[in-house]
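Side-chain atoms are counted along with the backbone in the values below, which use heavy atoms only and exclude waters and symmetry mates.
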Amino acid sequence: MNKAEWRTLKNDVKDIYYQNAEEFFLMLKYCLIAYVKSIMSFGFNHLVTKEVVQVWREFLAIIGEEKTMLNYLVRYGSLADADEVEQFMFQLDDLNEQTILYYYDVLNGIETASEMKTEWRAVFPKKEFKTLSETDEYYKELCSITLSILDIKMFLNYEENFWKYIEKKVLFVDSRVEEERDFYGVNIKLDDCDCLVDMKVIVPRIINLETALVNIHEFHHAYCFYQILDRPLIHSDIFYEEAAKNCENRFQEEYMKKKYKRFVEKR
């Protein structure tokens with residue numbers, strides 16, 4: 001994401017904060033109306049009245065979760081791809097709309113029940129989605145789209161000499177162009193004695209977890225080859241593939257889980 005795109009992101013986030021403030025006061029208004037009506041019809045300690053309090057608490061929790069996500073996105077958005085961020089923001093906005101409409105339906109049901117003094121009408125409608133406070137998928141997606149080459153280097157922890165060597169031998173391609181995906185890999189050059197003398201690494205620009213895993217896979221290959229420069233290959237293709245795949249799995253099971261955990265702990 002370039003500076004102009006990052007500025008646009010920050011402006012978009014400010015707009016969302018403003019919209020959330022409006023939603024906060026609207027939801028507070030409707031909750032107070034439903035709460036008062038429920039008290040008048042059923043009393044303070046009735047289940048229907050407690051449902052209004054539950055709606056308000058859930059709404060506050062969701063607003064807090066979204067604010068945490070947006071703050072994280074602004075802080076690390078410069079590392080992310082603009083299209084991936086836009087898609088994430090769209091998903092977040094769609095979920096927010098579903099959530100607001102759902103809670104309005106709940107409050108309308110409570111108001112109707114209170115006005116007609118029939119508590120059975122205050123039933124929570126069936127919810128076909130999970131809110132931000134009920135799922136971790138959006139947090140995981142946020143960690144995914146803010147991955148960068150720095151994460152790859154931190155996880156692989158190879159010596160600096162390798163990265164200096166490989167720097168000029170890497171070609172980054174666009175994963176969104178289907179034809180370019182066919183070129184992912186490490187192309188090696190052997191001399192007349194079948195000794196490895198050079199290589200070229202072709203990987204996608206990192207925009208999400210999928211592309212990060214490709215980088216993990218291919219840079220692991222490249223490091224294995226780097227260690228035997230000027231010598232013959234000593235292992236089969238299957239050996240190198242299995243080792244790279246295991247490295248991918250460790251990245252997901254170890255690095256991504258730690259990254260996600262550190263993010264969640266800051267909530």
Side-chain angles (χ1 to χ4, degrees), residues 68-69 72-73 76-77 79-81 83-85 87-88 91 130 132 134-167 169-188 196 199-229 231-267:
T68 299
M69 288 187 183
Y72 183 88
L73 194 55
Y76 297 103
L79 301 174
D81 176 80
D83 291 338
E84 292 290 318
V85 170
Q87 183 178 351
F88 178 80
Q91 293 173 345
K130 291 184 177 180
L132 282 182
E134 294 173 328
T135 179
D136 292 332
E137 292 307 309
Y138 290 87
Y139 281 106
K140 292 177 181 178
E141 179 67 17
L142 194 53
C143 288
S144 171
I145 65 174
T146 51
L147 286 169
S148 71
I149 191 65
L150 294 177
D151 293 283
I152 307 302
K153 290 183 176 181
M154 286 178 61
F155 170 73
L156 293 175
N157 197 29
Y158 298 150
E159 62 264 28
E160 189 60 30
N161 285 340
F162 165 73
W163 295 112
K164 288 180 179 178
Y165 166 82
I166 209 69
E167 183 179 4
K169 301 178 184 298
V170 179
L171 174 63
F172 289 100
V173 297
D174 190 348
S175 60
R176 296 189 179 93
V177 180
E178 188 173 351
E179 294 79 6
E180 294 193 0
R181 298 177 197 165
D182 297 331
F183 295 102
Y184 296 167
V186 181
N187 298 328
I188 60 175
L196 194 155
M199 71 181 83
K200 185 175 184 179
V201 183
I202 304 175
V203 288
R205 286 187 291 275
I206 299 171
I207 60 174
N208 51 32
L209 179 58
E210 180 183 355
T211 51
L213 290 176
V214 176
N215 277 258
I216 290 289
H217 191 102
E218 302 306 341
F219 280 118
H220 180 78
H221 275 321
Y223 185 68
C224 290
F225 294 140
Y226 171 76
Q227 292 179 306
I228 57 169
L229 277 173
R231 287 178 287 169
L233 297 177
I234 59 176
H235 295 295
S236 66
D237 290 344
I238 294 177
F239 172 85
Y240 291 115
E241 280 299 316
E242 288 181 349
K245 191 63 181 176
N246 288 336
C247 203
E248 284 186 56
N249 292 336
R250 285 195 298 107
F251 182 77
Q252 294 187 83
E253 293 299 316
E254 297 173 14
Y255 189 85
M256 287 304 293
K257 283 187 176 180
K258 288 180 180 178
K259 184 181 179 74
Y260 166 70
K261 184 179 180 180
R262 288 195 299 268
F263 174 39
V264 170
E265 286 175 347
K266 294 178 181 180
R267 289 155 63 179

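Side-chain contact between Glu218 and Val186 is present, with at least one heavy-atom pair separated by less than 4.5 Å. Put simply, the side chain of Arg176 reaches to within 4.5 Å of the side chain of Asp81, judged on heavy atoms. Looking at heavy atoms from C-beta onward, His217 lies out of side-chain contact with Tyr184 at the 4.5 angstrom threshold. The shortest side-chain heavy-atom distance between Lys259 and Leu147 falls under the 4.5 Å cut-off. Counting heavy atoms from C-beta outward, Ile149 and Ile206 have side chains that approach closer than 4.5 Å. The side-chain heavy atoms of Thr146 and Tyr72, taken from C-beta on, include a pair separated by under 4.5 Å. The side-chain heavy atoms of Ile216 and Ile152, taken from C-beta on, include a pair separated by under 4.5 Å. Using a 4.5 Å heavy-atom cutoff, the side chains of Asp136 and Tyr260 are in contact.
Distance check, rounded to the nearest 0.5 Å: NZ of Lys258 to SG of Cys143 gives 14.5 Å. With values rounded to the nearest 0.5 angstrom, Met154 atom CE is found 9.0 Å from Ser148 atom OG. The NE2 atom of His221 lies 11.5 Å from the CE atom of Met199; values are rounded to the nearest 0.5 Å. Considering CG of Leu229 and CD of Gln227, their distance stands at 9.5 Å, rounded to 0.5 Å. How far CG of Asn187 is from NZ of Lys169: 12.5 Å, rounded to the nearest 0.5 Å. Distance NZ/Lys153 to CG/Leu150: 7.0 Å, rounded to 0.5 Å.
The pair Glu180-Arg205 fails the salt-bridge criterion, with no side-chain N (NZ, NE, NH1 or NH2) lying under 4.0 Å from an Asp/Glu carboxylate O. The existence of a salt bridge linking Lys257 and Glu253 is confirmed by a sub-4.0 Å separation between a basic side-chain nitrogen and an acidic carboxylate oxygen. Under a 4.0 Å N-O distance rule, the pair Lys164/Glu167 does not qualify as a salt bridge.
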I would like to know whether Tyr158 and Ile166 meet side chain to side chain contact (heavy atoms under 4.5 Å, CB included); could you show each step before the answer? CA-CA 11 Å; Tyr158 298 150; Ile166 209 69; over 6 Å; no
Kindly determine whether Gln252 and Leu209 satisfy side chain to side chain contact (heavy atoms under 4.5 Å, CB included), including the steps that lead there. CA-CA 9 Å; Gln252 294 187 83; Leu209 179 58; 4.0 Å; yes
Kindly indicate, with the supporting measurements, whether the criterion salt bridge (charged side-chain N to carboxylate O under 4.0 Å, His left out) is fulfilled by Glu248 and Lys245. CA-CA 5 Å; Glu248 284 186 56; Lys245 191 63 181 176; 3.7 Å; yes
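The two residues Ala222 and Val201 have their closest heavy-atom pair at CB-CG2, 3.8 Å. Heavy atoms only, all atoms of each residue included: Cys224 and Tyr240 are closest at CB-CE2, 3.7 Å. For the pair Phe219 and Phe162, the tightest heavy-atom approach, listed with the atom from each and the gap, is O-CZ, 4.0 Å. When all heavy atoms are compared, the tightest approach of Leu233 to Leu196 is CD2-CD1, 3.7 Å. Residues His220 and Cys247 share a closest heavy-atom pair of ND1-SG, 3.8 Å.
For the residue pair Tyr223/Glu159, the side-chain donor-acceptor check at 3.5 Å is satisfied.
Aromatic rings of Trp163 and Tyr226 (six-membered ring for Trp) have centroids beyond the 6.0 Å cut-off, not under it.
In this structure, Tyr255 and Phe251 have parallel ring planes: the angle between them is below the 30° cut-off, well short of the 60° mark.
Counting non-hydrogen atoms of neighbouring residues, nucleotides and ligands closer than 6.0 angstrom, the NZ atom of Lys200 reaches no more than 12 such neighbours. Counting non-hydrogen atoms of neighbouring residues, nucleotides and ligands closer than 6.0 angstrom, the CD atom of Glu210 reaches no more than 12 such neighbours.
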